[in-house]
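So the structure is just underneath, and the comments pick up after that.
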Amino acid sequence: MENSKLTLDDIIQLTHQKGEGWAIAHARRLLELIREIGAEIPYDSQVLELAAYTHDWGAFPVHFQKDVDHALRSRQVVESEILPRLALTATQQAKLLEAIELHDYRDLRPTQSPEALLLREADMLEFLGMIGLAREFARGPKDVAACQRRILERRAKILGRFRLPRARQIAQIRLERMEQCLRWLESESFGIL
């Protein structure tokens, strides 16, 4: 596989090998969200499948670099190690790199391609609702109050950021669920957390 062209199956396998247990499930959930929020938008599904599986590679221990944003690092890794081995047009390559680099909710730069917009909005949805809560508590630490603070901070940065109508609808549902769970958490912890 070293010098040959890579397929999506190869990328999935590499994501599994290089990444951590969460990466494949996260990518699959993103693709489901993309299908739902992008139903009315023409987009390149090949580009988005590749982006979903590679957008967090910069966060994997094998590629991580201190003081380099994980989205930028993911783009660097894909651009240097993967892109030359993918059978993509120049336009597809540009869309893939943009989607990877701009996927993070903290990046306020506007997206140019529908692929970048869809990946960013799906990734933001992943931080809301039950899955958003579960992801934050899975990250740890074993400090409920610290996890709750991180949830609230991230939620505040995501609110009002959705551009796609269907993403806004899903976000509203997830926010309501999240708010109810946070009320239960506060209640069951007797306000102590």
Are any side-chain N or O atoms of [X] and backbone N or O atoms of [Y], one a donor and one an acceptor, separated by less than 3.5 Å?
X    : Y    : result
S187 : R183 : no
S74  : W57  : yes
H55  : A51  : yes
H103 : I100 : yes
R120 : D107 : yes
R166 : A39  : no
D10  : T7   : yes
E115 : L96  : no
D56  : A59  : no

Problem set entry | Pair I131-R174, side-chain contact (heavy atoms from CB on, under 4.5 Å): steps then yes or no | CA-CA 9 Å; I131 197 69; R174 288 183 176 211; 3.4 Å; yes
[atom1] of [X] to [atom2] of [Y]: how many Å apart, nearest 0.5 Å?
X    : Y    : atom1 : atom2 : result
I41  : L117 : CD1   : CG    : 6.0 Å
R29  : E126 : CZ    : CD    : 4.0 Å
Q13  : L8   : CD    : CG    : 11.5 Å
Q17  : I12  : CD    : CD1   : 12.0 Å
Q172 : I170 : CD    : CD1   : 12.0 Å
K157 : L108 : NZ    : CG    : 10.0 Å

Without placing hydrogens or testing angles, list every side-chain donor-acceptor pair under 3.5 Å for residues 77-84, not counting sequence neighbours.
residue	atom	partner	partner atom	Å
S80	OG	Q76	O	2.9
S80	OG	V77	O	3.4

Problem set entry | Stepwise side-chain contact (heavy atoms from CB on, under 4.5 Å) test for I37 and L125 | CA-CA 10 Å; I37 67 177; L125 285 169; 4.0 Å; yes
For this session: Might you work through the side-chain contact (heavy atoms from CB on, under 4.5 Å) test for E186 and L193, ending with a clear yes or no?
Result: CA-CA 7 Å; E186 187 73 25; L193 292 176; 3.9 Å; yes
Exercise. Is E32 salt-bridged to R35, cutoff N-O under 4.0 Å?
Worked result: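 Between R35 and E32 there is a salt bridge, with a charged N closer than 4.0 Å to a carboxylate O.
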Is there a path from [X] to [Y] through hydrophobic residues (I, L, V, M, F, W, Y) whose side chains come within less than 4.5 Å of each other?
X    : Y    : result
L72  : F64  : no
L102 : I34  : no
F60  : L50  : yes
L97  : V68  : no
I151 : L159 : yes

So [Y] and [X], do their side chains get closer than 4.5 Å, heavy atoms only?
X    : Y    : result
M130 : C181 : yes
M178 : L182 : yes
Y53  : L14  : no
L33  : D123 : no
K95  : Q92  : no
D69  : R73  : no

For this session: Take Q112 and E98, measure what side chain to side chain donor-acceptor pair (under 3.5 Å) needs, and give me the verdict at the end.
Result: CA-CA 8 Å; Q112 301 302 311; E98 179 200 16; 5.3 Å; no
Partners of [X] by salt bridge (Lys or Arg N to Asp or Glu O under 4.0 Å), sequence neighbours excluded?
X    : value
E101 : R75, R109
R154 : E136
R163 : none

Exercise. Can you list every ring-ring contact (aromatic ring centres under 6.0 Å, His included) pair that touches residues 163-193, not counting sequence neighbours?
Worked result: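 Every candidate ring-ring contact (aromatic ring centres under 6.0 Å, His included) pair involving residues 163-193 fails, so no pair, neighbours aside, qualifies.
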Exercise. Quick one: ring-ring contact (aromatic ring centres under 6.0 Å, His included) pairs with a partner in residues 126-175, sequence neighbours left out?
Worked result: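 Counting only pairs at least two positions apart or across chains, the ring-ring contact (aromatic ring centres under 6.0 Å, His included) contacts touching residues 126-175 are Y105-F127.
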Least distance between heavy atoms, [X] atom then [Y] atom:
X    : Y    : value
A99  : L119 : O-CD2, 3.4 Å
A52  : A27  : O-CB, 3.4 Å
A146 : P141 : CB-CG, 4.1 Å
C147 : G140 : SG-O, 3.6 Å

For this session: Please report the C-alpha distance between L164 and L118 in whole Å, then the side-chain angles of each, then the deciding distance to 0.1 Å, and finally whether the side-chain contact (heavy atoms from CB on, under 4.5 Å) criterion is met.
Result: CA-CA 8 Å; L164 298 171; L118 286 164; 3.6 Å; yes
Exercise. In this structure, are over 12 heavy atoms from other groups packed under 6.0 Å from E40 atom CD?
Worked result: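 Check fails, neighbour count at 12 or below.
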For this session: Step by step, work out the side chain to side chain donor-acceptor pair (under 3.5 Å) result for Q180 and R177.
Result: CA-CA 5 Å; Q180 179 62 57; R177 290 176 183 163; over 6 Å; no
